[in-house]
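All chains are named by letter (A, B, ...) in the order of the sequence lines, taking the proteins before the strands, and each is independently numbered beginning at 1. From a predicted model like this one, the values you see are computed outputs, not experimental measurements.
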2 protein chains.
Amino acid sequence: MNNREISLGEIIRQQRVTIPLTLQELAQKTSVSPSHLGRMERGERFPSARILRKIAGPLGFEEDELFTLAGYLSPHPSTVAESRPSYSSGRLDPYVSKVLANEPIEVQHAVIGILSILKSLSKSIAKETPQG
Amino acid sequence: MNNREISLGEIIRQQRVTIPLTLQELAQKTSVSPSHLGRMERGERFPSARILRKIAGPLGFEEDELFTLAGYLSPHPSTVAESRPSYSSGRLDPYVSKVLANEPIEVQHAVIGILSILKSLSKSIAKETPQG
DNA sequence: ATTGACTTTCGCCATTTGGCAAATTATAAT
DNA sequence: ATTATAATTTGCCAAATGGCGAAAGTCAAT
């Protein structure tokens, strides 16, 4: 239920590859050097608030969300529960949430529709050619 | 209307002396060295998030409030307007706010009552002895 | 004026952050 | 397999943070 054993670096890397972005791409979006980003992700450097703020947006985090994950802010008591999908496995990825939120409702529905078509397609293909 | 010309250091010092606390006292409350606190206040050092977080409580700031003042967080769009008295001249001092908030309502009312009595007293005294 | 206690500032240092460029590793494409 | 290209990691460095102890101010009491 709790993701206490996952580090900030891992979270950041997961987000980045999920989007997906390379270190260099994220670097130029954020004006943070790729080497630094890399070291952050594998826990060799601990990002300062300035850096954290730079990367929050492009990674799809709310600033305070990332600050909380970094242990800079204590968990936001009220706001978190009510509206934001804060990072944890099983919940909506914040980047996806952000992007979809910018789309019209019909588009959001269409995305879901396409997803369900793909899922059923892959299922029937798997049935036709059961290898393994 | 905007306090853009006042620096974080000045804000911190104002808070500290208003409470009032010496650098050493604040230092031992926060586990931050007095020399560092002093340099922060006069703008020679820029506090990290870790330090900022340590000093927020004892100075009567909400963590995110101080982060915002430091430029680590962009101004909180929704929360600020609705409930918090964020730092600016003419508004309720956050330390006062914090202390009063810890008191029962009757006490808070009593404080206001006493204040109004003192004000009317000083007014009538001023009338009796009008000196240039 | 001078002593004494307290408060603030300064000098110095270890540690950390974060960037640049080179080296290494992974990924294709032939 | 080999070469080309992109992605990540490493080595090294400058700059900044933050602590400790000494020096310099402040201020009251004698």
K.L.:
Please give me the minimum heavy-atom distance between A:Ser33 and A:Ala27, naming the atom from each residue.
P.N.:
C-CB, 4.1 Å

K.L.:
Starting at CG of A:Leu21 and ending at P of D:dA7, how long is that distance when rounded to a whole Å?
P.N.:
11 Å

K.L.:
Touch check for B:Ser35, heavy atoms < 4.0 angstrom, all strands: base, sugar-phosphate only, or nothing?
P.N.:
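Base contact.
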
K.L.:
Output the rounded distance in Å from CG (B:Leu26) to C1' (C:dC6).
P.N.:
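Computing the B:Leu26:CG to C:dC6:C1' distance gives 16 Å.
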
K.L.:
Quick one: A:Leu37 CG to D:dT10 C1', roughly how many Å, whole number?
P.N.:
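So the CG-C1' distance, A:Leu37 to D:dT10, works out to 15 Å.
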
K.L.:
Over 60° means perpendicular and under 30° means parallel, so tell me whether B:Tyr72 and B:Phe46 are parallel, tilted or perpendicular.
P.N.:
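If you compare the ring of B:Tyr72 with that of B:Phe46, the planes turn out perpendicular.
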
K.L.:
Would one find a side-chain N or O of B:Arg42 under 4.0 angstrom from OP1 or OP2 of C:dC10?
P.N.:
yes

K.L.:
Under the side-chain contact (heavy atoms from CB on, under 4.5 Å) rule, what do B:Leu23 and B:Glu41 come out as? Steps first, then yes or no, please.
P.N.:
CA-CA 10 Å; B:Leu23 283 174; B:Glu41 290 186 353; 3.8 Å; yes

K.L.:
Strictly under 4.0 angstrom, non-hydrogen atoms only: write out the protein contact profile of nucleotides 13-18 of chain D, one letter per nucleotide from the 5' end, B, S or -.
P.N.:
----BB

K.L.:
How far apart are the C-alpha atoms of A:Phe61 and A:Leu69, what are their side-chain angles, what is the distance that settles it, and do they pass the side-chain contact (heavy atoms from CB on, under 4.5 Å) test?
P.N.:
CA-CA 10 Å; A:Phe61 287 105; A:Leu69 287 169; 3.9 Å; yes

K.L.:
Measure across B:Ala70 and B:Leu52 and return the closest heavy-atom pair with its distance rounded to 0.1 Å.
P.N.:
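In this case the closest contact between B:Ala70 and B:Leu52 is CB-CD2, 3.4 Å.
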
K.L.:
Taking A:Arg16 for the side chain and A:Leu21 for the main chain, is one N or O donor matched with an acceptor at less than 3.5 Å?
P.N.:
yes

K.L.:
Rounded to the nearest Å, what distance is computed from the CD atom of residue B:Gln28 to the C1' atom of nucleotide C:dC6?
P.N.:
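Between C1' of C:dC6 and CD of B:Gln28: 14 Å.
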
K.L.:
In whole angstroms, how far is the C1' atom of D:dG19 from the CD1 atom of B:Ile55?
P.N.:
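Nearest whole value for this atom pair: 16 Å.
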
K.L.:
Step by step, would you call B:Leu26 with B:Leu59 a side-chain contact (heavy atoms from CB on, under 4.5 Å)?
P.N.:
CA-CA 8 Å; B:Leu26 181 58; B:Leu59 283 182; 4.1 Å; yes

K.L.:
Could you go through the side-chain contact (heavy atoms from CB on, under 4.5 Å) check for A:Arg53 and B:Ser74 one step at a time?
P.N.:
CA-CA 9 Å; A:Arg53 196 185 180 193; B:Ser74 24; 3.1 Å; yes

K.L.:
In whole Å, I'd like the distance from the CG atom of B:Leu23 to the C1' atom of D:dG25.
P.N.:
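Nearest whole value for this atom pair: 13 Å.
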
K.L.:
Report, as a single string ordered 5' to 3', how protein heavy atoms within less than 4.0 Å touch nucleotides 22-29 of chain C: B base, S sugar-phosphate only, - not at all.
P.N.:
--------

K.L.:
Whole-Å distance between C:dG19 P and A:Gln24 CD?
P.N.:
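These atoms are roughly 14 Å apart.
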
K.L.:
Between A:Gln28 and A:Glu25, is there a donor-acceptor pair closer than 3.5 Å when you use the side chain of the first and the backbone of the second?
P.N.:
no

